[in-house]
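Since we're looking at a predicted model, the values are computed, not measured. FYI, side chains are in, hydrogens and waters are out, and symmetry mates aren't considered; it's all heavy atoms of this structure. Chain identifiers are assigned alphabetically (A, B, ...) following the order of the sequence lines, protein sequences preceding nucleic acid strands; residue numbering begins at 1 within each chain.
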2 protein chains.
Amino acid sequence: MTRRPTIKDIARRAGVSESAVSFALNGRPGVSQGTRDRVHRVAEQLGWQPNSAARALSGERAGCVGLVLARPAHTLGVESFFLQLVSGVQEVLASRKVALLFQVVEDIDAECALHRRWWAEKRVDGVLVVDPRAHDPRPALLSSLGLPAVVIGAPAAGEEAAALSTVWADDSAAMASVLAHLHGLGHRRVVHVAGLPGLAHTERRISSLRTEAARLGLDGARSVTTDYSDAEGAEATRRILDGPEPPTAIIYDNDVMAVAGASVAAERGIAVPAELSIVAWDDSALCRVTHPRLTALVRDTSGFGRLAAQELLDRLDGAPVRDIQAELPHLEPRESTGRRPG
Amino acid sequence: MTRRPTIKDIARRAGVSESAVSFALNGRPGVSQGTRDRVHRVAEQLGWQPNSAARALSGERAGCVGLVLARPAHTLGVESFFLQLVSGVQEVLASRKVALLFQVVEDIDAECALHRRWWAEKRVDGVLVVDPRAHDPRPALLSSLGLPAVVIGAPAAGEEAAALSTVWADDSAAMASVLAHLHGLGHRRVVHVAGLPGLAHTERRISSLRTEAARLGLDGARSVTTDYSDAEGAEATRRILDGPEPPTAIIYDNDVMAVAGASVAAERGIAVPAELSIVAWDDSALCRVTHPRLTALVRDTSGFGRLAAQELLDRLDGAPVRDIQAELPHLEPRESTGRRPG
DNA sequence: TGACACCGCTAAACCGCATTAGTAGAACTT
DNA sequence: AAGTTCTACTAATGCGGTTTAGCGGTGTCA
């Protein structure tokens with residue numbers, strides 16, 4: 001139950017004023033090198049750390065950034081994406097001693113309310129925004145509050161990202177590469193089992209599928225949307241396979257649905273990849289542990305997080321808004337894709 | 001870029017002193033009902049929220065609790081456990097407007113350093129501790145700092161949890177129920193593919209397996225440890241199946257390894273459950289999407305998180321240290337377990 | 001040699017809130 | 001009518017930092 005040391009303690013032991021201590025510890029001019037060293041030594045010895053509340057109060061930063069995840073609770077924990085992203089984010093933040101406030105909420109209204117509260121409470125210096133969507137209310141809100149933010153993922157087509165930086169991967173090009181792969185294997189009827197309809201990247205992938213399919217002359221290509229859960233992924237797969245002219249290849253928007261789809265095929269005795277090819281968007285342990293292993297679109301998710309965190313820190317340091325493109329995801333062919341049957 | 005309203009603004013508009021505002025907003029005596037109402041109305045109108053830094057500084061709480069995850073980055077994101085736990089934790093915290101500081105670090109030394117820093121910075125009012133392990137340095141550290149904490153998971157046998165509350169599930173009983181299930185199906189040779197060796201619950205499960213197996217007369221029962229990854233899960237499975245007297249049932253300490261194990265069996269043409277039964281400790285979408293679906297030990301992970309968060313809040317309110325036992329996990333039999341072959 | 005700039009430091013104000021001490025006025029005693 | 005107790009409020013202080021203003025002492029230069 002030790003008492004926390006303060007700069008007052010340091011000042012007393014070093015025989016200087018509190019202001020001198022503050023100057024010394026923050027590398028500001030106004031103290032001689034000798035005094036500076038002495039103060040640092042005493043601070044170290046006392047194990048002093050700045051009280052974050054006091055810092056935040058005196059006009060400075062809170063030393064903290066926020067990340068809100070607006071997803072219904074039951075769809076959480078099935079995807080590896082977020083923990084990976086967060087771990088990348090933290091690598092960068094931790095190196096600068098910035099903390100991460102993390103919260104899961106039910107929907108986007110709750111998310112907006114939370115941003116507003118964090119701002120009013122002066123709890124965070126900036127926020128990371130994930131899952132950009134069509135008609136997204138968050139960019140406008142955040143810029144009206146003057147809260148620096150970085151959007152992770154490309155905004156919906158046609159929408160300017162207000163005054164927010166964006167870190168994104170080119171989903172359109174990625175979709176094109178998947179279709180090229182399938183087309184090269186002879187597939188002509190392809191279905192895309194997409195994620196949540198409101199999300200910007202979902203719409204982007206859907207529209208890219210359409211234009212790219214038209215270009216390649218794949219006329220059966222279409223998308224269906226889901227909530228990303230294994231249940232809806234399986235259900236969609238059943239409907240697709242039961243429909244007229246079932247496809248010879250299916251692209252799933254996440255790993256969980258892809259595995260669920262593969263399982264439905266197995267259940268029905270449909271051989272993968274002999275009769276049906278499967279591609280997962282986002283690689284994970286999941287894709288490697290199933291049998292056959294799934295061909296997947298690999299992206300460096302934690303690298304993505306690192307990029308976003310770095311950009312947010314830069315923004316806090318006054319850097320201008322930027323638009324950063326992450327490395328293009330690449331396709332990792334495994335055993336779940338093969339030549340078109342017949 | 002609106003300015004944040006402060007109690008000074010409220011005081012001015014309501015025509016009273018700042019102290020009166022503070023009393024009114026905090027439900028303290030010393031203001032008439034009329035003034036109280038007026039202050040509340042003005043505060044609402046201005047959209048005032050207490051500045052968390054100022055609150056924390058003036059002796060009060062930081063309004064924030066911490067959770068550190070000490071796992072090497074590559075083992076992250078494969079398990080659904082943590083996001084589920086965190087989402088449960090937050091349900092409770094959010095209802096009390098307490099924020100969650102979340103950080104992922106490489107190892108337990110980094111975790112200890114972080115706890116120390118958070119304490120010194122007065123960033124958190126208390127912390128949640130996960131993955132208790134044998135010879136765990138954290139309880140002693142936290143109690144010497146006087147930082148309220150709740151340990152999630154039972155401490156290693158023989159170790160007192162210092163002055164920390166504990167929320168735990170009875171792993172021994174759970175292991176017993178799994179063995180009873182397998183014994184009932186006629187299995188006599190069972191292997192347990194456990195997780196990280198240092199963790200308290202790993203050791204608990206291992207020792208429970210041993211005593212329970214002895215009681216039931218299963219003499220081939222043994223445990224091997226891994227790092228929880230799909231790679232080590234698969235590797236362990238190969239070694240086990242290649243060894244002398246291969247088991248007829250395998251218990252895996254998480255879902256990912258169980259699926260990886262099932263995949264190894266499939267690869268080798270070993271039929272599940274006809275030739276090999278598989279049990280996963282911890283249910284998830286994963287166990288339901290594979291084919292055959294995996295028999296799993298189900299626990300209410302987010303409920304676990306809720307319990308822990310509630311206990312931490314109680315501790316912050318001055319409640320005494322408690323030892324809370326969560327609901328016993330129950331076994332959900334699916335298609336991956338069946339009668340012993342032969 | 002006086003004016004001026006510069007260095008190294010201290011004193012004091014301030015951030016937004018909680019809290020303690022104090023105070024004016026009304027109500028109640030006796 | 002003077003003393004006491006309440007009520008409803010204000011003034012002042014402190015939390016732990018940052019920051020601005022100011023102040024002696026020394027060096028520089030005209």
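Remark: the backbone N or O of B:Trp119 is paired with a side-chain donor or acceptor of A:Arg4 at under 3.5 angstrom. At distances below 3.5 Å, at least one donor-acceptor pair connects side-chain atoms of A:Ser52 with backbone N or O atoms of B:Glu121. Between the A:Asp125 side chain and the A:Val65 main chain, no donor and acceptor come within less than 3.5 Å of each other.
Comparing B:Ala54 and B:Phe23, the nucleotide of DNA chain D nearest to each residue sits closer to the 5' end for B:Phe23.
Closest heavy-atom contact between B:Val39 and B:Ala14: CG2-CB, 4.3 Å. In terms of heavy atoms, B:Ala56 sits closest to A:Ala53 at CB-CB, 3.6 Å.
For the pair A:Trp48 and D:dG17, the criterion of a side-chain N or O lying under 4.0 Å from OP1 or OP2 is met. OP1 or OP2 of C:dG16 has not a single side-chain nitrogen or oxygen of B:Arg55 nearer than 4.0 Å. Contact between the side-chain N/O atoms of B:Asn51 and the OP1/OP2 oxygens of C:dC15 is not found at any separation under 4.0 Å. In this model, the phosphate group of D:dG14 is not approached by any side-chain N or O of B:Ser58 to a distance below 4.0 Å at OP1 or OP2. Put simply, B:Arg28 has no side-chain N or O that comes within less than 4.0 Å of OP1 or OP2 on C:dA18.
Nucleic acid contact class of B:Thr6 (heavy atoms, under 4.0 Å, all strands): sugar-phosphate only. As judged by a 4.0 angstrom heavy-atom cut-off over every strand, A:Ser32 is placed among residues touching the sugar-phosphate backbone only. At the heavy-atom level, B:Val21 lies nowhere under 4.0 Å from the strands shown.
If you measure from atom CD of A:Gln33 to atom P of C:dC9, you get 11 Å, rounded to the nearest angstrom. Computed from coordinates, the A:Leu57 CG to C:dC17 P distance equals 9 Å when rounded to whole Å. Rounded to an integer number of Å, the gap from CD1 of B:Ile7 to P of D:dA11 is 14 Å. With rounding to whole Å, A:Lys122 atom NZ is found 13 Å from D:dT18 atom P. Atoms CG (A:Asp9) and P (D:dG17) sit 9 Å apart, rounded to a whole Å. In this structure, the CD atom of B:Glu18 is 19 Å from the P atom of C:dA21, given to the nearest Å. The separation between B:Arg4 atom CZ and C:dC17 atom C1' is 15 Å, rounded to whole Å. As a whole-Å value, the separation of A:Lys8 NZ from C:dT10 P is 15 Å.
In this structure, the side chains of A:Val127 and A:Val68 stay at 4.5 Å or more apart for every pair of heavy atoms.
Within 6.0 Å of CD on A:Gln325 lie more than 12 heavy atoms contributed by other residues, nucleotides or ligands.
Judged by atom type and distance alone, B:Thr35 does not reach the base of D:dA8 through any side-chain donor-acceptor pair under 3.5 Å. Judged by distance alone with a 3.5 Å cut-off, no donor-acceptor contact links the side chain of B:Ser17 to the base of D:dA11.
Each end of the helix from C:dT1-D:dA30 to C:dT30-D:dA1 gets its own rotation axis from five pairs of C1' atoms, and the angle between them is 60° to the nearest 10 degrees.
At a cut-off of 3.5 Å, with distance as the only test, a side-chain donor of B:His115 or B:Glu111 sits close to an acceptor on the other residue.
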